[in-house]
Amino acid sequence: MNYWLMKSEPDVFSFDDLKSRPQQSEPWDGVRNYQARNFMRDEMKVGDLILFYHSNTNPAGVAGVAEVASEPYPDPTAFDKKSKYYDPKSAPENPRWILVDVKYHADLKRLVSLQEMKEAPALKEMVVLQRGNRLSITPVTRKEFNIICELGS
DNA sequence: GCCAACGTTGGC
DNA sequence: GCCAACGTTGGC
């Protein structure tokens, strides 16, 4: 089992949005970064756990736990001319952008803020906390995952 | 809204 | 293949 952190702007899609339909999986669409795509395409497995992170909000931080709910498949928004994620270079017969579905897994009792994460010595190595990191999907170690869950419990 | 950091694009 | 220009991310 692998662990991940995935960023979402809560104005666009929040952890509460995901939780409001707990039995339903949601496509993690709109990723247009190759490294992030490769994590979904090559490394994620159904059942992997995800720290659902709220970015571009105050306070930013981990809002809850989700899980990977599908095998990778082409991102349909890349083919949709009306979508803001439309990419004319991604043809259906040769899709450039790949995603997985995610679904609700568990609550945290409270948000674990970015500031708390930065202040926790045991999280110093977390990929998402490294200087200048803008990747929307980053791997997380089991230890880091457990620490965040404890901070939020 | 600002801006540092970073990824991508495209001319050469 | 280099790199300047540009667009985006995301904390503050």
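Values below: every heavy atom of this structure, side chains too, minus hydrogens, waters and symmetry copies.
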Apart from Leu111(A) itself, residues in the same hydrophobic cluster as defined by side-chain heavy atoms under 4.5 Å: none
Distance-only criterion, 3.5 Å: show the donor-acceptor pairs between side-chain atoms of residues 38-47 of chain A and protein atoms not counting sequence neighbours.
{"from": "Asn38(A)", "atom 1": "OD1", "to": "Arg41(A)", "atom 2": "NH2", "distance (Å)": "3.3"}
{"from": "Asn38(A)", "atom 1": "ND2", "to": "Tyr34(A)", "atom 2": "O", "distance (Å)": "3.3"}

Sub-4.0 Å heavy-atom contacts from residues 120-129 of chain A onto DNA chain B, ordered by number: none
Residues which pass side chain to side chain donor-acceptor pair (under 3.5 Å) with Asp80(A), listed by chain and number, not counting sequence neighbours: none
Stepwise side chain to side chain contact (heavy atoms under 4.5 Å, CB included) check, Val31(A) with Leu99(A): CA-CA 8 Å; Val31(A) 169; Leu99(A) 54 68; over 6 Å; no
Residues within residues 78-94 of chain A bordering DNA chain C, heavy-atom distance below 4.0 Å: none
Listed partners of Glu116(A) passing salt bridge (charged side-chain N to carboxylate O under 4.0 Å, His left out), at least two apart: Arg110(A)
Letter per nucleotide, 5' to 3', of nucleotides 1-10 of chain C [B base touched, S only sugar-phosphate touched, - untouched; heavy atoms, 4.0 Å]: ------BBBB
Residue pairs, two or more places apart or on separate chains, that pass side-chain hydrogen bond (donor to acceptor under 3.5 Å, both in side chains) and touch residues 144-153 of chain A: Thr141(A)-Glu144(A)
Atom pairs and distances, side-chain donor-acceptor, residues 85-95 of chain A, under 3.5 Å, sequence neighbours left out:
{"from": "Asp87(A)", "atom 1": "OD1", "to": "Lys89(A)", "atom 2": "N", "distance (Å)": "2.9"}
{"from": "Asp87(A)", "atom 1": "OD2", "to": "Trp97(A)", "atom 2": "NE1", "distance (Å)": "2.8"}
{"from": "Ser90(A)", "atom 1": "OG", "to": "Arg96(A)", "atom 2": "N", "distance (Å)": "2.9"}

Touch class at under 4.0 angstrom, heavy-atom based, for Arg131(A) against every strand present: sugar-phosphate
All pairs passing side-chain hydrogen bond (donor to acceptor under 3.5 Å, both in side chains) where residues 56-69 of chain A contributes a residue, at least two apart: Glu9(A)-Asn56(A), Glu67(A)-His105(A)
Apart from Phe145(A) itself, residues in the same hydrophobic cluster as defined by side-chain heavy atoms under 4.5 Å: Met1(A), Tyr3(A), Leu5(A), Leu49(A), Leu51(A), Tyr53(A), Val62(A), Val65(A), Leu108(A), Val112(A), Leu114(A), Met117(A), Leu123(A), Met126(A), Val128(A), Leu129(A), Val140(A), Ile147(A), Ile148(A), Leu151(A)
Show every donor-acceptor pair shorter than 3.5 Å between a side-chain atom in residues 70-77 of chain A and any protein atom, with sequence neighbours excluded, or say none if there are none.
{"from": "Ser70(A)", "atom 1": "OG", "to": "Asp101(A)", "atom 2": "N", "distance (Å)": "2.8"}
{"from": "Tyr73(A)", "atom 1": "OH", "to": "Asp101(A)", "atom 2": "OD1", "distance (Å)": "2.5"}
{"from": "Asp75(A)", "atom 1": "OD1", "to": "Thr77(A)", "atom 2": "N", "distance (Å)": "2.9"}
{"from": "Asp75(A)", "atom 1": "OD1", "to": "Thr77(A)", "atom 2": "OG1", "distance (Å)": "2.6"}
{"from": "Asp75(A)", "atom 1": "OD2", "to": "Gly30(A)", "atom 2": "N", "distance (Å)": "2.9"}
{"from": "Asp75(A)", "atom 1": "OD2", "to": "Arg32(A)", "atom 2": "NH1", "distance (Å)": "3.0"}
{"from": "Asp75(A)", "atom 1": "OD2", "to": "Arg32(A)", "atom 2": "NH2", "distance (Å)": "3.4"}
{"from": "Asp75(A)", "atom 1": "OD2", "to": "Thr77(A)", "atom 2": "OG1", "distance (Å)": "3.3"}
{"from": "Thr77(A)", "atom 1": "OG1", "to": "Arg32(A)", "atom 2": "NH2", "distance (Å)": "3.0"}

